[in-house]
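In what follows, a single structure is set out as structure tokens and then discussed.
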There are 2 protein chains.
Amino acid sequence: MIGSLDERGAQVLRHVVDDYIETAEPVGSRTISKKMGQTLSPATIRNIMADLEEMGYLAQPHTSAGRVPTGAGFRYYVDYLLARRRLARPERDQLQRMAGEAGTSADELVRQMSRLLSNLSHQACVVVVSRFSNQPLRSLSMLRAGVDKVLLVSVMQGGWVEHRLIEEETSLTGDDIERINNYLNELAVGLTLSQLRARILQEMKKEKARYDRLMQRALLLSARALDEGSPTEVYVEGRANILEQPEFVEDVQKLKRILRAFEEKSVIVRLLDKALEGETIQVSIGAENPVEGLPDISVVASGYRLGEATAGSIGLIGPVRMDYSHVIPLVQYTARLLGSVFEHR
Amino acid sequence: MIGSLDERGAQVLRHVVDDYIETAEPVGSRTISKKMGQTLSPATIRNIMADLEEMGYLAQPHTSAGRVPTGAGFRYYVDYLLARRRLARPERDQLQRMAGEAGTSADELVRQMSRLLSNLSHQACVVVVSRFSNQPLRSLSMLRAGVDKVLLVSVMQGGWVEHRLIEEETSLTGDDIERINNYLNELAVGLTLSQLRARILQEMKKEKARYDRLMQRALLLSARALDEGSPTEVYVEGRANILEQPEFVEDVQKLKRILRAFEEKSVIVRLLDKALEGETIQVSIGAENPVEGLPDISVVASGYRLGEATAGSIGLIGPVRMDYSHVIPLVQYTARLLGSVFEHR
DNA sequence: CTTAGCACTCGAATGCTTGGAGTGCTAAAA
DNA sequence: TTTTAGCACTCCAAGCATTCGAGTGCTAAG
């Protein structure tokens, strides 16, 4: 059914999609004819549109309505017809200014960038931070926190800080803790957390042999701390933008499904899954996304890097009828920006 | 206009509110007559309802419709007519089980309790944690985090951990840091953060006199760290429950306003403001809440204590037509539970 | 291959009718 | 004096017919 298009067909498709993105209404042949400077009459356009429909790029809600792009239509549009505009100056400036804010902590910064991105795009913005897997440790320390508790604090490349409070019955002296810290840092700095996990297991055998009870305990505690804890953090900003989209407001069921999805970390992670693999932009149109229950949303997302590894991904979630030509460079730019910000932290 | 009610009037009002809470539809005289076991005919009920309307407790959407409780009607209901039921066993059990989960960190626990509460109530649940103002410090430590950065970590009563990453050009040796830590802990443990702030300012003068450059620097860094940072954290769970309420779904504008409000920390803090003062339950009905733009929501909230001071508040946000007799004990119980959980951390 | 012309389709908007739920009032009953 | 049966009245919601117009597909001429 779906084939390639000649120049004319492509132009018509492009205009249909453009117009539909703008108006959210079915587009008629008259409109397209005008948009193309009346080089072709509505009747001709109708013929072309009928062809496009046959090829699966357009659809008719009912006989006497205009045409609406299908998922395939949007896909073709994004792949071949999109005007790859550069990001407008003022938007670049705003993003850069935000990224330059020095005082904020890493996760506060991400949240604010995400909010700004959602404002600029009028879509909901989602960020997944995979704190652990990939980022090398800058320091790992243990410190006392009250009578029978110790706190394990890890600082990652990029300024991410993670901590775990652990119950510990037997008390450690200040000296003990200092020794442990020296030992841990020697062991850990430069490793990613998953590497460290492996290293600790390895080391535990050695230490057992050496009969150093204190170090054994330190390793045990660290291993325990590393086992717990969620490996990813998720931020959602600009949920209310979903309500700006007529297609969602008309159908409360869709709205509910989307809002529920935003409340499930795992769903969001799955939505942005592909983007986590690299720094290139990923566009899922409609049912293309991996989540079963959400065939009416598109996701435009990109991973952002920190050194060698992908540190997380940032994306926009909205209706299939999204302004891709605007949104794609926005996300792309923001992802790069995030990466470079964390590089210098 | 608004006066006190005789027994009969009160009973009718109670039934109208009960029925309206259940159905979200205007309530007619027939319905009430039946509910009261036909001790009074519909005609009599009509007379009573007309009185209640005159007094401002009921209103008619239009001439030939039933009655709907006004804000004042709900207020009277909550103040005088509510059957103060105890919380049902299974709900108590669920909450307790959740509170007993040992492994989770303080903020993860709050988030999960909040989510559970939103599920049990079918409303959106909001928690405000005022981390700083009131809770005494258990420990305050500085540690190195990379080449030119130090991390200041504070552990509060209740298991709350807070950290700040600070740029620091001149490098500190391990010895320096140890001295600083001893000094800081001596200074800080047992104080609340606001007390500590004052203490540091005091101390800075002294140290200046003593010409101890290292301690000076430590104090400077600490002061800087304490000055930044938001004093409160806010969690919202169960937003999607808002969409279960017909009164909100019918009116997208209201929906938008509510969702936008959920995205503004300051708005939420204002909504729960009164509850932060004490451990008693606060009910704001409709326009009673302090936020201008949200006259259609009710807030049922309670502060939770940690030792002497209020550590935060937890509340439910929903339509004026909320099931107060269910929701009030729910919130009350959860707030107490939270307090006692953090007590033992 | 393009396009003017035309018959046709279908949804959205409009107006009309009807049914029913609910009211207020009055007058009789308790 | 209070209650209630009876009744006229109001108004919304739902159903139905009609109209309007945007848009189509097809055909035949350019």
Side-chain angles (χ1 to χ4, degrees), chain A residues 5-13 15-20 22-70 73 246-247 249-251, chain B residues 5-13 15-20 22-70 73 246-247 249-251:
Chain A
L5 296 181
D6 58 0
E7 180 56 22
R8 257 187 9 182
Q11 286 315 310
V12 171
L13 178 56
H15 280 109
V16 172
V17 175
D18 278 341
D19 193 83
Y20 183 67
E22 202 181 318
T23 65
E25 297 287 322
V27 189
S29 52
R30 260 181 83 78
T31 316
I32 300 300
S33 172
K34 271 187 203 154
K35 280 210 174 190
M36 296 176 74
Q38 258 127 344
T39 55
L40 292 174
S41 77
T44 314
I45 303 289
R46 279 205 286 281
N47 288 328
I48 303 174
M49 281 169 123
D51 293 347
L52 288 170
E53 180 165 2
E54 209 174 341
M55 286 190 275
Y57 295 123
L58 296 180
Q60 258 181 316
H62 56 87
T63 333
S64 71
R67 299 308 208 291
V68 162
T70 61
E247 48 265 72
V249 173
E250 277 161 18
D251 184 341
Chain B
L5 297 180
D6 57 0
E7 180 56 23
R8 256 186 10 179
Q11 286 315 308
V12 170
L13 178 56
H15 280 108
V16 172
V17 176
D18 278 341
D19 193 83
Y20 183 67
E22 202 181 320
T23 66
E25 298 286 322
V27 188
S29 51
R30 258 181 82 81
T31 316
I32 299 300
S33 171
K34 270 188 202 152
K35 280 210 173 188
M36 296 176 73
Q38 257 127 343
T39 54
L40 291 175
S41 78
T44 314
I45 303 290
R46 278 204 285 283
N47 287 329
I48 303 174
M49 281 170 126
D51 293 347
L52 288 170
E53 181 167 0
E54 211 173 341
M55 286 191 273
Y57 295 122
L58 296 180
Q60 259 182 313
H62 55 85
T63 333
S64 72
R67 293 325 204 282
V68 161
T70 61
E247 47 265 72
V249 173
E250 277 162 19
D251 184 341

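All chains are named by letter (A, B, ...) in the order of the sequence lines, taking the proteins before the strands, and each is independently numbered beginning at 1.
- Each of B:His62 and A:Ala65 has a nearest nucleotide on DNA chain D; the 5'-most of these lies closest to B:His62.
- Atoms CD (B:Glu25) and C1' (C:dG20) sit 14 Å apart, rounded to a whole Å.
- In this structure, B:Pro246 and B:Ala24 approach most closely via the heavy-atom pair CG-CB, 4.0 Å.
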Next on the checklist: Quick one, A:Arg8 with A:Ile48, criterion side-chain contact (heavy atoms from CB on, under 4.5 Å). Give me CA distance, side-chain angles, the key distance, then yes/no.
Outcome noted: CA-CA 8 Å; A:Arg8 257 187 9 182; A:Ile48 303 174; 3.6 Å; yes
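- As a whole-Å value, the separation of B:Gln60 CD from C:dG22 C1' is 8 Å.
- Counting 5' to 3', DNA chain D first comes under 4.0 angstrom of a heavy atom of chain B and last does so at the ends given by D:dT3 to D:dC12.
- Residues A:Gly73 and A:Leu13 approach most closely at O-CD2, 4.2 Å, considering heavy atoms.
- Pairing each heavy atom of B:Met49 with each of B:Val27, the nearest pair is CE-O, 3.5 Å.
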With 3.5 Å as the limit, what N/O pairs link the protein to nucleotides 2-4 of chain C?
{"unit_1": "C:dT2", "atom_1": "OP1", "unit_2": "A:Arg8", "atom_2": "NH1", "d": "2.5"}
{"unit_1": "C:dT2", "atom_1": "OP2", "unit_2": "A:Arg8", "atom_2": "NH1", "d": "3.3"}
{"unit_1": "C:dT3", "atom_1": "OP2", "unit_2": "A:Ser41", "atom_2": "N", "d": "3.2"}
{"unit_1": "C:dT3", "atom_1": "OP2", "unit_2": "A:Thr44", "atom_2": "OG1", "d": "2.6"}

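- The two residues A:Pro61 and A:Pro26 have their closest heavy-atom pair at CG-CG, 4.0 Å.
- A side chain to side chain donor-acceptor pair (under 3.5 Å) with A:Arg46 is found for one member of A:Ser33, A:Ser29, A:Ser41 and no other, namely A:Ser29.
- Between A:Val16 and A:Arg67, the shortest heavy-atom contact is CG1-O, 4.2 Å.
- Residues A:Tyr57 and A:Leu5 have side chains in contact (heavy-atom distance under 4.5 Å, counting atoms from C-beta outward).
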